[in-house]
Each structure stands twice: as C-alpha cells, then as structure tokens.
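Throughout, protein chains are lettered first and strands after them, A, B, ... in sequence-line order, and every chain is numbered starting at 1.
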Protein chains: 4
Amino acid sequence: MLLGVNLTLDLDSEVPIYQQIRDRIVEAIARGEAEEGDPLPSTRQLAADFGINFHTVNKAYDLLRQEGVIRVNRKSGAVIRRDPRSGPPEPGFTDDWEDRMRVLLAEATVHGLGGDDVVRRCAAMLSGFRAEERTTR
Amino acid sequence: MLLGVNLTLDLDSEVPIYQQIRDRIVEAIARGEAEEGDPLPSTRQLAADFGINFHTVNKAYDLLRQEGVIRVNRKSGAVIRRDPRSGPPEPGFTDDWEDRMRVLLAEATVHGLGGDDVVRRCAAMLSGFRAEERTTR
Amino acid sequence: MLLGVNLTLDLDSEVPIYQQIRDRIVEAIARGEAEEGDPLPSTRQLAADFGINFHTVNKAYDLLRQEGVIRVNRKSGAVIRRDPRSGPPEPGFTDDWEDRMRVLLAEATVHGLGGDDVVRRCAAMLSGFRAEERTTR
Amino acid sequence: MLLGVNLTLDLDSEVPIYQQIRDRIVEAIARGEAEEGDPLPSTRQLAADFGINFHTVNKAYDLLRQEGVIRVNRKSGAVIRRDPRSGPPEPGFTDDWEDRMRVLLAEATVHGLGGDDVVRRCAAMLSGFRAEERTTR
DNA sequence: GTGGTCTAGACCACG
DNA sequence: GTGGTCTAGACCACA
C-alpha cells in the first residue's frame, strides 16, 4: 500500500507539521491502510512530496518510533511495527490517553454535545476504521 | 461554588500551564461544579495560589472567552457563560472536535485498545461527569 | 553546583557530540555533582561555551529527558530529575544495560584483563563516584 | 568449533549489523568457544547465512583485525589471534575501555542500580564466561 | 530569556 | 540510496 501520497497536511496550521504527519500516519494505520511490515516513504521522499524539509519528516518518524508504531531500519527505511490488533496497550499509555480523552469529552459536554451523541460519534468513527480496513484489504 | 482551589497543575508538564488551567476549568464545568453566571477566581488570585505569572492565567481566561465558555466583565471579573445543557454546539465546533477525537481514537486503536473498550471508557467518563453533577448540586 | 563548565568534550571524536554531552552529564550525576532539582545550563549557553550549535545540545537534553534523567521546564530550563539513589531502575532498563555490559566484559576478557582485575576496576570506579559525592556535598 | 551458526543478529536494531557481528564473536571468544588459531566462517558464508551483504561481514572482520582479535590470511581466511588468557592487554586499550565502562557504571548508578548490585552482576557474567569455557572444551 | 519549530545545506555511516 | 549528525539562522510560544 502506498502510504504518503494520500496524506493531507495544512502547512499553515498551528499544529506542528511533524505532529500532523504523525497523526495522519496513526490514522492510516488505524484504518488498516498499512499493516505490519509495510514500508513508509523515505524521509527525503515524503519531504519532497510536500515541499517541506526532510528534518521535519525525520522528527515525525522519530516520534512514531518512540511510540513503538514504526521500526526504522538503516537499509529499508521505516516500516510499520504494530498491527492494530496485536495485543493490549503498554502500561502507562492508557492513563495518559484517558487524561487526554477526559479533556476532549469535557469540552464536548461544555459545548452542548450530549453524552449519547458523543458516544454515538465515537462509535461511528471507530467502525469507520474497521469498515475501511475491510475494504482496503 | 469555589472553583480554583481544587485545580491540580503540573508545572513541569510539557502541556503549557495556560492550557492546563483551561482544561481543568472545562472539566470542572463539565462535572457541573459551576453553572451559568458563577464567578471564576480573579486572575491575580489564581496566579498567587499556584505561584505562577498572572499573565499566564490571563491567557487561559482569554482562551476560554474565545471559546465562548466564559464571559469577562470589567467589574465582576470572569463568569461562566454557558450551561452544559444550554443548546447545541456552535457551528464549526463539532468538525474541529471530531478531527481531534479521530486522532485520539486512532491512537487507541493502533495501541491495541479495542473499539468496545474505548466506547466503554468514554461512556464511563461521561457518566462520571453527570454523577458528580448530581452530587454537587 | 555549576554544571557544564567542567565538561570536557572532544569535538573530533567519532562519538557524536550530543552523546558525549549526555555521557558527561550522566557521569556528573553519578558522582553526585548534581542532585535532584539542580539546573543545567541553558541549551544556548552550553552551546556557546563549547562553540557548538544549540541544536546539538538540544538533542543531548532531549535524550536525557527521554531517559528520565532530567526534566525540561519551559521557564527554568532543564533540571536534574532523578536522584542517584531514588529507587530501583525501570523494568526493561536492566536487560538492555546487561546486554551492553556483557559486550564490554567480553571485550576485557578477550584482551587479557582477568575477571578479578575487571571486578576490582569496576568497584574502584563505583566507589570513586561515592567518594566525590561525599566531598562535593 | 563451528562459530557463526549460533550467532543471533537483530537486523532491525539501532546497533549496526557489523557491530553486532563483532560483538557476538568477541562474546563467543570470551566464553571460550574458540581459541587461538581456530578459523572463523568465511565472510561469504556468514553473509549468506544471515541474508546480509558480505561487505558488512567484511567490515566486522576488519574491525576485529584492527582490534587485534583475529588474523586474516589470504589463504586460510580469518582465524582467532589471541587467546583470552595470553597476557596483559595492549597499552592504550585499558584507558579506552575504562572510559566506556565508566559511562556504563554511571548510567547504572543514575538509574538506581546499587554499586553492590552492579559488581555482583558483573562478577556473575564473568564467571558465566568461565563456566561455559570449561564445558565446551 | 527559555525552549520549540522549521528551513537549508553539508558531510558521514550503513548496507 | 537510506538515515544520522552537525551547522546556521529565522521565527514563534511560553512564562
């Protein structure tokens, strides 16, 4: 699967570019567009595709490597490391994740999104991941 | 309701302090600890309580004001503007919120948190908000 | 304690400069020259002292942060996080450490350093740490 | 003694492959699995066994040759040069070795491994070498 | 004044 | 051809 060509970045966003790259790749893996062992574009290639500096891509890949999402091999570049359904999360991840989720849920609540509505939207997005997964495979 | 005394900030976190203040206040409102019209602590008061610069608190309040969560009067200071169940979210909010939620959900999926587990945790946190709400009123 | 002025770097070494900075700081902490909460020089300051780029120092500090050795605070810069005697090592550290130690011990053995000699030298270096610790405090 | 079949390499490790080969061979010699004059597998043979480039193996052997661990004859290939107990280390080796050991010991100290614990682990690994040595001969 | 981000370009290590 | 290191300088976010 050719990852990288279908990423959409907003170079003017306040969200750092390297963070956007990381987010898009995590989403792509969740959607099942890339599975364990699949290669990512080379840092310089991806940088050229988006007209950004390769160091920026490098930082995104390094972040993904620290998170255990990809492996970086000197020869073949970066490849997907984790399969979406490869066991329970690392201890420590869930706590941090719940903290961030709590803020996001509180925000929805404060802005008038009902609890049922929120849960429905989350479930929809999650099954959206699985639906794409079935299609692209 | 005395908001502010029970805020917990981590001055060494990588999350900006003004963001933490904003997050804690949003959470408190979601939990129903403050309703429309309730006053927030003065910026100088809150800054003194935590030994931080009052400009930092100012920035947090300004962010909340931009988000439509509080109103700032010259005389009476900052007060809660919205009630958690006072109507549907502003147009534009939901799109942005879903973008951020999608990243968080993808992250959970990639790290091996099952969709059912995720939905269950979200629902639990949301009903946690409502439970506290009932108690504190 | 003024850390940084007494670091010695070899800019021509094959060992990356950022790695040398990291190593020297770890050694200084082991020797007790800096304890929990002590500040490190600012990245730009340390870079200027050695005539190197601040990005290089940045990378060293980032490495130390990932290892849990320092905290990086937006206001006050980097400070020592771990105290040399603050509890057992993280799980996973020891395995990796033993792998590296095994190679070093094998190397000594192959080059004719006797096991007793090796153990004696290690013990001497370790008590050297403690001795300095006692002196500088 | 058939060296090479029991080497375990991690092609995805951040440690260069040639370095891993060198490390494994040094460990094998320390364990007494090979003594002075014993042949190493041919570079092409070893490369084929692991599906790696034979230049990589070449680099590892060249490194070992520079370190004085093996001799390379045009005809008979690479053979072990030193016996683990064939005399004192070369001048210069010990200084360099102690520098690297100091870093490793400092790291253990900083991460909370006690000095006694460290010495005990080192002694255990060293006698592990000698135990295997006795068995395999 | 602190660290963080991004760009740009050079050189090296690895395989 | 791949990633890693280092340099250099600009601009921004945070407190």
Exercise for the section: Between A:Thr43 and B:Thr56, just flag the one whose closest nucleotide in DNA chain F comes earlier from the 5' side. Expected result: A:Thr43

Practice task
Find out whether A:Val72 and A:Ile70 are in side-chain contact, i.e. whether some heavy atom of one side chain is under 4.5 Å from a heavy atom of the other.
Solution key: yes

Practice task
Could you check how far OH of C:Tyr61 sits from C1' of E:dG3, rounded to whole Å?
Solution key: 12 Å

Exercise for the section: Return the value, rounded to whole Å, for the distance between atom CG of A:Asp62 and atom P of F:dT5. Expected result: 9 Å

Handout entry: Spacing of D:Arg22 atom CZ relative to E:dC14 atom C1', expressed in whole Å
Key = 17 Å

Problem - Listed partners of B:Asp62 passing side chain to side chain contact (heavy atoms under 4.5 Å, CB included), at least two apart - result: B:Arg65, B:Gln66

Practice task
Examine distances only and state if a side-chain atom of B:His111 and a backbone atom of A:Trp97 form a donor-acceptor pair shorter than 3.5 Å.
Solution key: no

Fill in the blank from the handout: Rounded to whole Å, CD1 of A:Ile21 lies from C1' of E:dT5 at a distance of 12 Å

Exercise for the section: Please tell me which of the listed nucleotides, E:dG15, E:dA8, E:dT5, lies nearest to the side chain of A:His55? Expected result: E:dA8

Problem - Nucleic acid contacts of residues 11-19 of chain A, taken as heavy-atom distances under 4.0 Å to DNA chain E - result: A:Pro16, A:Ile17, A:Tyr18

Exercise for the section: Find the distance B:Lys59:NZ to F:dA13:P and express it as a whole number of Å. Expected result: 7 Å

Handout entry: Phosphate OP1/OP2 of E:dC14 contacted by D:Asn53 side-chain N/O (<4.0 Å)
Key = no

Handout entry: Test item: D:Phe50 and D:Val57 side chains (from C-beta on) under 4.5 Å apart, heavy atoms
Key = no

Practice task
Grab the CD-P distance between A:Gln45 and F:dG1 for me, whole Å please.
Solution key: 12 Å

Practice task
Could you check if a side-chain atom of C:Met101 sits within less than 4.5 angstrom of a side-chain atom of C:Leu105, using non-hydrogen atoms only?
Solution key: yes

Exercise for the section: Mark yes or no for whether D:Asp95, through its side chain, and D:Gly92, through its backbone, hold a donor-acceptor pair below 3.5 Å. Expected result: no

Fill in the blank from the handout: Exactly one candidate in B:Leu11, B:Ile17, B:Asp10 meets side-chain contact (heavy atoms from CB on, under 4.5 Å) with B:Ser13; the answer is B:Asp10

Practice task
From the options E:dT7, F:dG3, E:dC6, select the nucleotide whose nearest atom is closest to the side chain of A:Arg44.
Solution key: F:dG3

Handout entry: Backbone of B:Val15 reached by a side-chain donor or acceptor of B:Gln20 within 3.5 Å
Key = yes

Problem - Atom-pair distance (CG on C:Leu46; P on F:dC6), nearest Å - result: 14 Å

Exercise for the section: Verify, without hydrogens or angle tests, whether D:Asn53 (side chain) and D:His55 (backbone) share a donor-acceptor contact under 3.5 angstrom. Expected result: yes

Problem - Bracket string, DNA chain F, 5' to 3' - pairs by Watson-Crick or G-U geometry under 3.5 Å, | interstrand - result: ||||||||||||||.

